[in-house]
Amino acid sequence: MGVVHGEEMVLNIGPQHPATHGVLRLQVRTDGEVVSEVTPYLGYLHRCFEKHCENVTYEQVIPFTDRCDYLASMTNNFGYVVAMEGLMDIKVNERVEHIRVIMAELQRIASHLLGLGAFGLDIGAFTPFLHMLRDRERILDLFEMTCGARLLYNYMWVGGLSHDLPVGFVESTYRFLDYFEPKIDEFVKLLVHNKIFVERTADVGRLPQDVAISYGVSGPNLRASGQKWDLRKDDPYSIYDRFEFDIPVGEGGKGSVGDCWDRFYVRVLEMKESIKILRQALSSLPKEGDVYQSLPKKIRPPIGSIYKRTESPRGDLGYYIESDGTNIPYRLKMRSPAFTALSVIDEIAAGWLLSDVLAILGSLDIVLGEIDR
Amino acid sequence: MSTDQDKLITELVEKGLTGDMEPINSIEDRVLRSKAKAALAKAKRAAKSQETAEPKKKKSEEKSSDDLPSSVNLNEKIVYMINEKFSGSLANENTETHIQLKSDQWFEIATWLKSEPSLFFDSLQCQTGIDVGDNTLEARYNFHSMKHNHYTEIRIAVPRKEATIPSVEQIWRIADWFERETYDMLGIEFSGHRDLRRILLPDDWEGWPLRKDYLVQETYHGIVVPKMKEGWE
Amino acid sequence: MDPDGINELQWSRRNKMGLLENRFNDNVIVEKLDKLLSWGRSTSPWFFQFGTACCAIEMMAAAASRHDLMRIGMIPRSSPRQADVMIVAGTVTMKMALRVKKLYEQMADPKYVVAMGSCATSGGPYWQHGYHVLKGVDIVIPVDVYVPGCPPRPEALIEGLLKLQEQILDERPLTRKMA
Amino acid sequence: MTVDFIFDFLNQFFTSLAGNEFLLLVAILLPCVVLFGFITIYALVVIYTELKVSSFIQDKVGPMGQGVGIHAGKWGLLQPIADALKLLSKEDIIPSSANRPLFVLAPFMIFVGAFISFVALPFGDSIIIADLNIGIFYILGIGSLAVISLILAGWSSNNKWSLYGGMRSAAQIVSYEIPAGISLITVIMLAGTLNMQDIIIYQQGGIFNWILFDNPFIPVAFVIYFISALAETNRTPFDLPESESELVAGFVTEYSGMRYAFFFLSEYANMFVVSAVAATGFLGGWQSPFPNALNSPGWGVFWMMGKTFFLIFIMIWIRWTVPRLRVDQLMNVCWKVFLPIGLVNIFGVAIWTVLFG
C-alpha cells in the first residue's frame, strides 16, 4: 500500500473479522478514524469453481453452483438451468416454471432477510438479525419439505426439478406469507425508521448511478441508485413476464439517492414485491404436470456458447457456458453480482469514517462464496 | 366501411391533430366516434416517433447504421461500423453470435463502443478468458447497454506466447477486476492496466489454473496441495 | 509467513496448558477440583465465530433463535483470545491456511477445534480438483470433533458440540500426566 | 457500617487488643472483602440476567443448562459460575509485543476504579462503608479512573483494534462526564449537599418527594444523566470502544482468561455504580416510595437494590434493542445537545427554586 505518512495508519480488516461477512480482507488507510483508501483483497475462499466445472459433467455442476452463493442457492441453480436450457433449447412445462419461480422468490426473501439482518448487525443492532434468522428458518422449512436440504438444495435440474412439490406445500407457503407480511412492518418499525439507524445510514456511502453502471453494480444496489433495472422485467426469463409486480428504486427517502439507507430499504420493499409474485404464482400453479417431463436423457449441448443472465437476490447473475459437444463443459464462467458490487467499495467508502466503511460494506450485501468462487 | 366514412375520419383526424376536438366529440354514432378517436391516437403516435427519431439521426450524423437496411441485426451493424472506422481490426466476418476482433486496436474500439450514441455500451457485463486450444487464449467480453437494452459479445484471440490484450480498465471500471481475474486464471496480460496483480490466488502462486495444461504445484508454503488422504478411494 | 513446522506437525494428544495444568499429584481433593474445573470448561465453551463459507450460515442458524447454542452454554466471541472452541465452519483455502494456524495459536489454552462440514474435514466436494483448497483443516491444526455434512444441519453441529463437552468433561486438567 | 463503626465494635470485642493497628487493618479489610464478595455475586447475577434478558428479547431461551454431565443446573442458573471458573483457569496470554507492565496493570486498575466507587454508595439507612461528605463528587472523580485504564489497555496491547478502542473510550468517557456532572449539579442544588446519605434523607416521605419529581426540569436532567451513564459504561448505543462488529472486541481484544474476566467484572460493576448514583440522586435511594410505610432498614436495602437493578435492567434492554452510534455523532450528541440542555437546565432549576422553592 505504499508509504504511510505522518499520522496515517494501515489497518487490516480481516480476513477473519466479524464485519467482513466471511473471509474478506480490507486494507484501509486511516488517519485517526477517517479512511482515505480501501483496498479489498479477495481469494480467501477461492474454491476453484470454474476448474471443477471443466472436470465434471453438466449435471454435476449444479451442486457447485449451490455452493457459490450459499445464501441464494435456488436462484443460482435457476440461473444455471435457464442458461443450459437456452443452450440446449429445452422447454419445460408450466408446473416446473411455476415451481421454479416460487422457489426463487422464496429464496430472494430468505437471502434478503439474512442480508438485512447482517447489515443491522454491522451497525450494532443484534436483535433484528436474530429475528430475521428466525423468520428465515420458516422459509428453510419450506425448502426442506420440498427437497430435504436446508441450505444447498441441488433442486433445479436442467429440464426439470429434482422433486415435485410435496403435499401441503402450497398451504404451508400461504401460511408463511400470512405470517411474514406483518413481520416486515414490525421490522420496519424496529430498524428501518430507527433514529440511530437512519443517522448511521442516510447520506452515507452514496453510489451515483453512472458510477454504479461503470462498476457493473447490479440488482438492489443498482436500483437503490435510481436505475430501474430488473432482469425479471427488462429481460424476462422463465415466466416472470406474466406476473405483476413493481421494481422498487431508491428515492432518497431519508437522505440522498443511492445511500446506504436506500440500499437497505430497496431490499425491504423487494421482499414485499416477492410476496406479491409468490401469491400470484401460487394461485396460478397448475395442478397437473410432470416435473421430469423434459429431463434430457443425456446432457450434451451442441457446440457453441451462451451468456445468460438472471436476477439473483444480489443482482445480475450471469453464466457464460462454452460447450464443445461433450458432456463436460469446456468452460463455464460465472459472472457474480457480489464480485462487481464489492469492486465499488473503494470508490464509495473512501473519505468516510471507519464505522461507515463497515456499514457500506454491509449495505452492499456481499457473499464471499460468490466473489471468490 | 364506406369511402365517405373514411374521408370523414381523415378530416376529423386532421382537425384533431391541430387540437380541435369539437367535431369528433360531437359525432352521434358511437362506432364512428370511437373509430375516429382510434385513428387520431394512431396518427399522434406516428407523429411522435418521427419527432424522436429525427434528433437521434442528427447526433450520429457521420458514419452510422442509417445507411443499412433496418433488418440487419446488431452485430452486423457493429461490424459494419467497425469496418468503416477501424479497418482491418476484424479477425473474421462471422457475426452470428459474436464479433471476433484483433487485439491491436481494441482500446480505441472499446472507447468508441462506449461513446458511440447509437450503441452506448455502458455496461461490461462479463469478461471470460478461455483456453481455446491450439496455443491460443481468448478473452470474451459481453456488453450491454442500459439505455438501448441491447447486447453483444466480442472475442479477442491471442497466441499463448505473447498473450497481451489492451486493457479497457479505464473505460469500464469493473474491467479492472475482471481483467485481474482473467490474468489470474489464464495468464493473459492486459497492457495498460494500472494494477495487474493476481486477485483470487495468492501472489506467490505458480501457474495459470484455467489453462488446459495446468499442473497443480506440489506444495504451497509447506502444505501439500494435491494431497489425498491415505485409505481413500 | 513462517513455512516451518507445518509438515512435521504430529498431533498426538497435545498439551493443553492452562494456569494450573499438571502441577498436582493425584489425591481426593485434587480429583474433586479436577472435576470442578472440567465441569466449568465443559459447561461454558465460548466459541470463536470462524465462519468461512456455507457452513458459517448453518453455524449462525445454530446460534440463532430456533436452535440457540446458548442453551448449552456456548456464547459467541469475536476475538480468538477469549474463545475456547474454534468452530472451523467452511472451506479453508491455501491462502487462508496459514491464517487459520495463526488464529489457532492466538487462542488461550485450553482450546478445542470443531471441524464443521466436509470441507473442513477433508476438502469436501473440492477434494479432487480444488487446487486451492486445503484438504481438511487437520493438516494445519489439531481437530477434536469432526462434524460431517455439507453443510451439517444445526442439530448435527449441536450433537458434535455435545460430544466435545463430553470429551472435556472426561479430562482431568490438574493431573493429566497421571491420566 | 463505616470503618469507624467496625473498628469500635472490634475494640469492644477484642478488649485486649483495643486500639491496636492490627484491628484497624482488620476493620479496613473486612468491608473490602465483603464488598468484593458482593461485587462478584452481583456480577454473576447480572451476567445471568443479561444473558437471559437478551435471549428473551431475541426470541430464544438463553442458557438452559442443557449439555452433558452435571451441566449448568435448572434454567442454566450455574452458567455464570461455570464461565467464571473457566475464565480463571484459562491460559494467561501476554502478547510478546505488548508493553508488559502496563498490559498487566490495566485490568486491575479498571477494577480498582469500579471497586473503590462502591465505598461511597449507600446501600441502606446505615449501610455505607465510608459516609463521605463529598460522596457524589468522589464517585464522579473516581469514575474517571476508568479512562486511564482503558487507554492503558488499548495502548499496551499493541494491537490496532485495541488502540482504536482505547482512543474512542478516552474521547467518549471524558466528554460524557461533563453532561453527567452537570445533571447531577441540579440534584446537589436542590439537596444542598454532596453527601450521599444527606441527599437521600432530603427525599424522605414518599415518591413525590423524590428529586425526580421535584420540578419539571429534573426529569430532563435524569434522562441526560442516564444516557451519559450508558456512555460512561460503554453500553450500546455507545459501545464504540468494544463494538464487536467494528473493532473485534475493542480494548479487550488481546486479553484472555482472568484479565478478561476483570474487564468483564468491572463493566458490570460500573453499571451498578452509575445506576446506584442515579437511584440515589433522583429516585430517593433507600427511601420507600410510600410515605411512612415499608421504611425499615431491611426494606431500605430492598428499595435501593430494587431501584438500581431496575435501572440496570433498562440498560440491558436498551443494549439489545438499538443500533450503535458513530463516533462523530456520539460527540455531537454530547457537546451540541446534552451540554446546552444541561446548562439551561441548571438555570431552570435555580429559577424554579427561587420562585417556587
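Everything quoted here is computed from the prediction, not taken from an experiment. Chain naming here is simple, since letters A, B, ... match the order of the sequence lines and numbering starts at 1 in each.
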So, the part of A:Glu50 with a heavy atom under 4.5 Å from chain C: the answer is neither

C:Tyr131 and A:His52: CA distance, side-chain angles, deciding distance, side chain to side chain donor-acceptor pair (under 3.5 Å) verdict: CA-CA 10 Å; C:Tyr131 51 85; A:His52 279 91; over 6 Å; no

Note, A:Arg150 side chain near C:Ile57 side chain (heavy atom, < 4.5 Å): no

Would a 4.5 Å heavy-atom cut-off, applied to side chains only, mark A:Glu144 and C:Arg153 as touching? yes

Is there a side-chain contact between A:Arg25 and C:Arg99, using heavy atoms and a 4.5 Å cut-off? yes

Under 4.5 Å heavy-atom distance to chain C, tell me which part of A:Leu45 shows up: side chain, backbone, both or neither. both

Aromatic centroids of C:Tyr126 and A:Phe49 separated by under 6.0 Å: no

If one checks every heavy atom of A:Leu24 against chain C at 4.5 Å, the contacting part turns out to be neither

Tell me, for C:Ala56 versus chain A, whether the close heavy atoms (under 4.5 Å) come from the side chain, the backbone, both or neither. neither

How close do A:Leu152 and C:Cys150 get, heavy atom to heavy atom, and via which atoms? CD1-O, 3.9 Å

salt_bridge(A:Arg134, C:Asp68) N-O dist < 4.0 Å: no

With a 4.5 Å limit on heavy-atom distance, are the side chains of A:Glu137 and C:His67 in contact? yes

Counting heavy-atom pairs under 4.5 angstrom with chain A, the leader among C:Gly51, C:Pro151, C:Ala63 is C:Pro151

Side-chain heavy atoms of C:Pro125 within contact of A:Arg67, under 4.5 Å: yes

